[in-house]
Amino acid sequence: MSETTIAAPGRTGADPEPAAPRQLSMQQALNLALADILATDPAAVVLGEDVGTLGGVFRVTDGLQGRFGAARVFDTPLAESGILGMSVGLAMAGFHPLPEVQFDGFAYPAVNQIVCQIGRMNYRSRGTLPMPITLRVPSFGGIRAPEHHGESLEALFAHVPGLKVVSPSTPEEAYHLLRYAAARPDPVIFMEPKSRYWQKGEVSTGRRGADGDLGSRVARPGKHVTLIAWGAMVARCLQVAELAAEDGIEVEVLDLRWLKPLDAEGLAASVRRTRRAVVVHEAPLTSGLGAEVAALVTERCFDTLRAPVERVTGFDVPYPSGDLEDEYIPNIDRILFGIQRVLEYRRG
Amino acid sequence: MAELSFPLPDLGEGLIEATVLEWLVEPGEQVERNQPLVEVETTKSAVELPSPQAGKVLRTYGVPGAKVSVGEPLIVFEVADDAAGIVGTVPRDEAPKRRVRLTAVPDED
Amino acid sequence: MPATTDPPALTAPELRELYRLMAATRALDTAAVAWQRQGAIPGFAPQLGQEAAQVGSGFVVDRRRDFAFPTYRELGVARAMGVDMVGYMATHKALWHGGLYDPAQSRFAPVQAVVAGSVLHAVGWAHGQTLAGHDGVALSYFGDGASSQGDVHEAMNFAGVLRAPVVFFVQNNGWAISVPTERQVAGGSVAARAAGYGIVSERVDGNDVVAVVEATRRAFAQARSGGGPVLIEAMTYRRGPHSTSDDPGRYRSLEDERRDAGTDPLERLAQQLLRTGAADQAFLEEARSAAAADAEQVRTKLAALGPRPGREMFEFVYQEPTGALKSQAAAWRVESEHV
Amino acid sequence: MNARHQGTRPEHLVEGSRQELAFQVHEPDAAALERPVLLLHGFASSSRLNWSDAGWLSALADAGRRVVTVDLPGHGSSPAPDELDEYSPSRIRAELLQLLADVGVRPYRAEDPASGVDLIGYSLGARLAWEFGGAQPQLVHRMVLGGPASHDPLADFDLAAAQQFLADGTPIADRSTQELLRMAQLVPGNNMFALMSMVQAIKAEPFTPTEAVPKMPLLLVAGEQDELASTMPELARLSGRADVVWIPGRTHADVVTSRAFKKAAIAFLAS
């Protein structure tokens, strides 16, 4: 409900001309996406801790305040509930807030606002007060950070009615999914895989349309087993697929992208081809998103499945310290074991 | 890696140029923030400029005796464009290591 | 308060309007408790005794540009702002959590059941006015109990840092369910905390509607003119239970209530109207009977409102519903829709 | 810059009037083990220009030295009194003595590396250091004199011509006077009245290096192109304990930033 005409500095209105694809890190791709969002959507505002002058602790908002002004890209006091609660009010005033929570573990202090307010305001107000908020959360482990600086909250957020959850796996996905998310009238939790921030990849700008931005994505086709992953685990699964090929096993890697809504059809289509599925995530096993994926696959592919869906996940322990991260995050061998189990399985 | 260029800063009081006296660093050298970079002399006084940036020196502008204008490039650093955030480390791309071999043969029917 | 000129004194017609609104609030509030006893609504959170604080502050809101952020006990504010009372009471009839009025058009945010949940929203909305170059003021309601919540600290700190045009209106009604203010608010005053945030504050007699209107007008003038946030702590008394399911006899005596409640704000305004000649006994009687008629009309319309169709459970979760939600809605229709 | 402490001190009277030269104590990152270094700037300069901007404070901090800087009367942040006496070298030396006592300098003892004080003076500061070291051998451990001369160039300063020039722009004939005045005027905020008072006070107490020859080891440093310091060898001869360093290519104005100068000074004070 844009009740107001918002005069925003740095506004150009039109989407920039699509440039030739270029090599960018995910960090740079996200930065570019935010710049394009701010340039094309006068209601967009970026807020959070250290996002302005510093350009964010991961430099994702680098230079945006200089370009778009301190009104549209602003530092807040150090209080996550405040950042998200304020975003609710900004949305009610017609803005499209892009708040940042500096690290995944710091989303916990804001859970009340995320769950009880952002997730419900559209419902509570019967659609008159939508929440076009895209909450960026640097997510998952893999950088040997201190406690609470590496967490996997996707199951928690995906469980909340009213939220949508997405996690990109490449710079290209990061650019397009962020632009897509920011254009939605609903709240989106945007989980940035921080261990992938620095990996480069080809990024095409411009827009690729909802068909390109929605659902899952086959990151590598294969015919013997489907590895299902999102965020940072996609790259690891692609490595596994490469190794499995040495053993004559053709692994399909399905990048789920959207964790809510889950692409049930995409999942079913892949598993119908391969008849075996292994879901990989960093979060703890119990009540993790892998359980939901397994249920969806089982519901849809029970007859074609050659083996129960395997889950290769983190353990039911707190995210460990950096030195133990490699023991906790699914590694290549654990994923290979998972593949081996679904390949070996024989009925009866 | 990215290049980061710094111009001769405004030395105040309306001075528009300075003469390079001596470079205290040279290309290829790794410098710390605040480390002395160069001695320059203005019509007012001689000053030593501290480095605004940590990084590897790629290029310097102005041999001793040369004049450099305020705002013109003075030094270029090479800085890591994959610097970690405030915590943690940048994961290195490593060749995948494996111990497990897949032995099962999928039945093709 | 800083050097803002005092707003002009309330006129006789304004005072009479305030009485009408307070009487209507009292009547509806009292009626709603009765409805609950009769089984017409499952529950209600009465505001008995807070009419002056609520009507007096809501009276100041300019619906063309301001926005109020209530809790679940702001019947008087809603009434003063002209919110559709049937739509408002719908939340208490368990028809829809946020009520069935249009919050965007009413400039009155959906009924908020999370204590202190909306205080930050007010700050965000207010800062949006600054960003958009508008002169709207956000009016944030919370109580002495909510002041213990961390979100209130964050909201006041953000507002102070951003100089957001927000008026924090604290109704200190003496009780957070069963816990009295002295065991809730360290230091004894919410207003005193404002100074720490660089926020101007004022404590007013929340049972004196004239004092409440004047303080709120001063606060709005300051916030609207770029003077930053203001906090008003209106000292009042929750004369009734926390909710219709509450039993105050377990934590306070009738003697306590008589001693602490002070003068009934409605009676106080009535005496003032008579004393100053702004109204006569006939006006008071007419206002009370109009209020009773109002309440009766709300009851009739509310009774006529059936439950919302079950499909609305699904319709308002998203602006763009997910496929999963659509298929759940379809399954619900097939398997269990109550026709 | 390691200026962590703005100087505050008890009120003292020095030679009958209040002591009020602005000073700063700069602590290195780690606790200093050695005696402090007192820096004395040159004419028409300041602690900031001569020592901070020229990189001396960071170089000395990196070497782990505790440094005291002081602005001469009428210079930098120090007041510019009207009384001519306040500018006289003898008065300044008395002020310095009190200042060193206030910042905790104790008499030099060979076995205690924290005792005593080292001095680095530039130009006029070098003259003041020579005299101070000569008069206070019990305090001063070593001294570095930059751009020094056996004869104070300010003594030849044509005060009348300078005042005439300042009043109506009449050109100054004497080249040295002309140059000193030009440099003085370039620094914004320089109080020309105070500087002229200082010249006048110096003329009344000209530099006579033979009067009190410092007995501690000295390092004498000047630019090869520094005409004002051409008599530096004379000071070396008088001392008999002086090392002499000439910095290639440098003048009286730009030798102050020289790394070679700093390195030589720091190494000399540490030995």
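Letters A, B, ... are given to chains in the order of the sequence lines, protein chains preceding strands, and every chain is numbered from 1.
Heavy atoms closer than 4.5 Å to chain B are found nowhere in A:S25, neither backbone nor side chain. At a 4.5 Å heavy-atom cutoff, A:K194 makes no contact with chain B through either its backbone or its side chain. When heavy atoms are compared at a cutoff of 4.5 Å, A:I249 approaches chain B solely by way of its side chain, counted from C-beta outward. Interface remark: A:E242 contributes no atoms to any contact with chain B (heavy atom separation under 4.5 Å).
Contact record, B:V100 with A:L336: O-CD1, 3.5 Å, taken as the closest heavy-atom pair. Between B:R101 and A:E246, the closest heavy-atom pair is NH1-OE1, 3.6 Å. The shortest heavy-atom contact between A:Q199 and B:P91 is NE2-O, 4.1 Å.
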- Task: For side-chain contact (heavy atoms from CB on, under 4.5 Å), just list the numbers for A:D247 and B:R98, CA-CA rounded to whole Å, side-chain angles, deciding distance to a tenth of an Å, and then say yes or no.
- Result: CA-CA 12 Å; A:D247 303 334; B:R98 70 186 297 183; 2.4 Å; yes
- Task: Take B:T103 and A:Q340, measure what side-chain contact (heavy atoms from CB on, under 4.5 Å) needs, and give me the verdict at the end.
- Result: CA-CA 7 Å; B:T103 53; A:Q340 175 77 9; 2.7 Å; yes
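Summarising the geometry, atom CZ belonging to A:R334 is positioned 11.5 Å from atom CZ belonging to B:R99; distances are rounded to the nearest 0.5 Å.
Interface check for chain B: of the options A:V240, A:V342, A:I332, A:L243, the most heavy-atom pairs under 4.5 Å are formed by A:L243.
By the 6.0 Å contact criterion, CD on A:E147 is open, its count of non-hydrogen atoms from other residues, nucleotides or ligands being 12 or less.
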